[in-house]
Amino acid sequence: MTPPDASDSRWSDLDRPPLNATALRRALLRPDALWTSLDVVTATGSTNSDLAAKADELGEGAVLVAEEQTAGRGRLDRRWSAPARSGLFFSVLLKPGASVPVERWGWLPLLTGVAVSTGLARAAGVDTALKWPNDLLVTVDGDERKAGGILAERAGTEGVVVGIGLNVTLRADELPVPGAGSLALAGAVSTDRDTLLRAVLRSLEQWYGSWREASGDPALSGLQEAYAAACATLGRTVRAELPGGQSVEGEAVAVDGDGRLVLATSEGVQRPVAAGDIVHLRPAAP
């Protein structure tokens, strides 16, 4: 039997208990629900990679959660890692089907950001801002910090796997970089990961259902408006570092119907940006 204080024990840090998979399934897997399966693994390289490998075998609504992710990926294959049970690291399989045109699937990471922000506001009492296109921000001691990220990838013949990584109880001495944060450091009223995961998945189910019923129309579903309201990038001067080494600066003025960030440049041109790293150059106007 493994001693409870062993470094690889599920109970090695009593402030970070393991997720209760049985209770999560009981709460989330219903006959009329989006979520059809939920598995919790002790550790894996990447929940996105694992779920994508089985995308054609699984029905829509599969959820894979890892207590520890050793090779998690963000945009541009950047690594995402954190101590075991210090956060929520999970992926979901979505299959929008023919009712949503493929060109609107690009809204899925933005939709997920809105859902995570909404769920955390209810369950953790933390305002989570969205940095276009896929970062989750919290405020720690007056500073904006990245507490999580979202990565959406095509999977199988008709699916999209959306991965979410969220720092929950990460302490100051565990932060990987100075600009990182966690819900605990942001003063969350609850860091119970079971509660937070339930809230986020229920919020994601609600937003995804509304978006799909509207055939993926971001305006008709209310998604475009909700994203703009939560987006910390809008109203700021930013630099967009584009694929290929180019960059463009301007004021972020809108997120258009295709989910692109629209920049107003100093030349008076409005330029939509479909992909790139965004650097906030100054705070948003009050």
Side-chain angles (χ1 to χ4, degrees), residues 13 15-17 19 46-48 65-76 78-92 108-152 162-204 207 226-227 229-234 236 238 277-280 283-284:
D13 188 336
D15 291 330
R16 293 171 174 165
L19 291 164
S46 163
T47 55
N48 258 32
V65 191
E67 295 283 29
E68 182 178 16
Q69 195 169 225
T70 58
R73 293 174 291 114
R75 289 189 65 254
L76 306 178
R78 295 189 179 108
R79 294 292 297 273
W80 177 285
S81 61
R85 303 179 305 282
S86 66
L88 290 173
F89 319 112
F90 65 101
S91 298
V92 302
L108 282 171
L110 307 184
L111 181 155
T112 303
V114 171
V116 173
S117 178
T118 304
L120 292 179
R122 295 170 181 164
V126 169
D127 289 330
T128 309
L130 305 176
K131 180 183 176 185
W132 188 93
N134 65 342
D135 287 349
L136 305 166
L137 305 179
V138 296
T139 300
V140 178
D141 297 329
D143 295 327
E144 268 184 352
R145 304 284 190 89
K146 178 178 176 178
I150 297 161
L151 179 65
V162 183
I164 299 100
L166 179 67
N167 295 333
V168 177
T169 61
L170 214 63
R171 298 180 277 265
D173 61 349
E174 296 173 320
L175 296 176
V177 294
S182 69
L183 298 185
L185 293 174
V189 297
S190 172
T191 56
D192 182 300
R193 293 183 306 135
D194 287 270
T195 299
L196 300 179
L197 183 57
R198 287 197 304 270
V200 167
L201 287 174
R202 284 170 175 158
S203 180
L204 180 52
W207 276 106
Y227 187 86
C231 183
T233 302
L234 294 180
R236 300 176 108 135
V238 304
D277 281 345
I278 300 298
V279 180
H280 290 172

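Note that these values count all heavy atoms, side chains included, but never hydrogens, waters or copies made by symmetry.
Electrostatic pairing of Arg193 and Glu67 counts as a salt bridge here, judged by a charged N lying under 4.0 Å from a carboxylate O.
Each of Val92, Val162, Leu151 was compared with Asn48 under the side-chain contact (heavy atoms from CB on, under 4.5 Å) criterion, and only Leu151 meets it. Screening Leu183, Thr112, Leu130, Asn167 against Leu136 for a side-chain contact (heavy atoms from CB on, under 4.5 Å) leaves a single residue, Leu130.
Taking a 6.0 Å sphere around CG of Asp127, one finds it holds 12 or fewer heavy atoms contributed by other residues, nucleotides or ligands.
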Test log, rule side chain to side chain contact (heavy atoms under 4.5 Å, CB included), inputs Phe89 and Val65: CA-CA 6 Å; Phe89 319 112; Val65 191; over 6 Å; no

Steps toward side chain to side chain contact (heavy atoms under 4.5 Å, CB included) verdict (Trp132, Leu110): CA-CA 8 Å; Trp132 188 93; Leu110 307 184; 4.2 Å; yes

Chi angles and distances behind the side chain to side chain contact (heavy atoms under 4.5 Å, CB included) call for Leu204, Val116: CA-CA 7 Å; Leu204 180 52; Val116 173; over 6 Å; no

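Annotation for Leu196 and Ala123: closest pair CD2-CB, 3.9 Å, computed over non-hydrogen atoms. In this structure, Ala199 and Gly119 approach most closely via the heavy-atom pair CB-O, 3.7 Å. Contact between Val126 and Ala186 at its shortest, heavy atoms only, is CG1-CB, 4.3 Å. Closest non-hydrogen pair, Ala82 versus Glu68, comes out as O-CG, 4.2 Å. Between Thr47 and Ser91 the shortest heavy-atom distance is OG1-OG, 2.7 Å.
A donor-acceptor contact closer than 3.5 angstrom is absent between the side chains of Glu144 and Thr139. For Thr128 and Ser117, the side-chain atoms include no donor-acceptor pair closer than 3.5 Å.
The backbone N or O of Ile278 sits less than 3.5 Å from a side-chain atom of Lys131, completing a donor-acceptor pair. At distances below 3.5 Å, at least one donor-acceptor pair connects side-chain atoms of Arg145 with backbone N or O atoms of Ala180.
Side chains of Leu170 and Leu185 form no contact here, defined as non-hydrogen atoms less than 4.5 Å apart. Counting heavy atoms from C-beta on, the side chains of Lys146 and Leu137 come closer than 4.5 Å. Residues Glu174 and Pro83 form a side-chain contact, since some pair of their non-hydrogen atoms from C-beta on lies under 4.5 Å apart. Taking the side chain as every heavy atom from C-beta outward, Val200 and Phe90 approach each other to under 4.5 Å.
In this structure, OG1 in Thr169 is found 3.5 Å from CZ in Arg16, a value given to the nearest 0.5 Å. Here the CG-CG distance, from Leu108 to Asn134, works out to 13.5 Å after rounding to the nearest 0.5 Å. Between the CZ atom of Arg202 and the OG1 atom of Thr118 there is a distance of 15.0 Å, given to the nearest 0.5 Å. Taking OG of Ser86 as the reference point, atom CG of Asp15 lies at 12.0 Å (rounded to 0.5 Å). Distance CG/Asp192 to CG/Leu197: 10.0 Å, rounded to 0.5 Å. Rounding to the nearest 0.5 Å places CZ of Arg122 at 5.5 Å from OG of Ser203.
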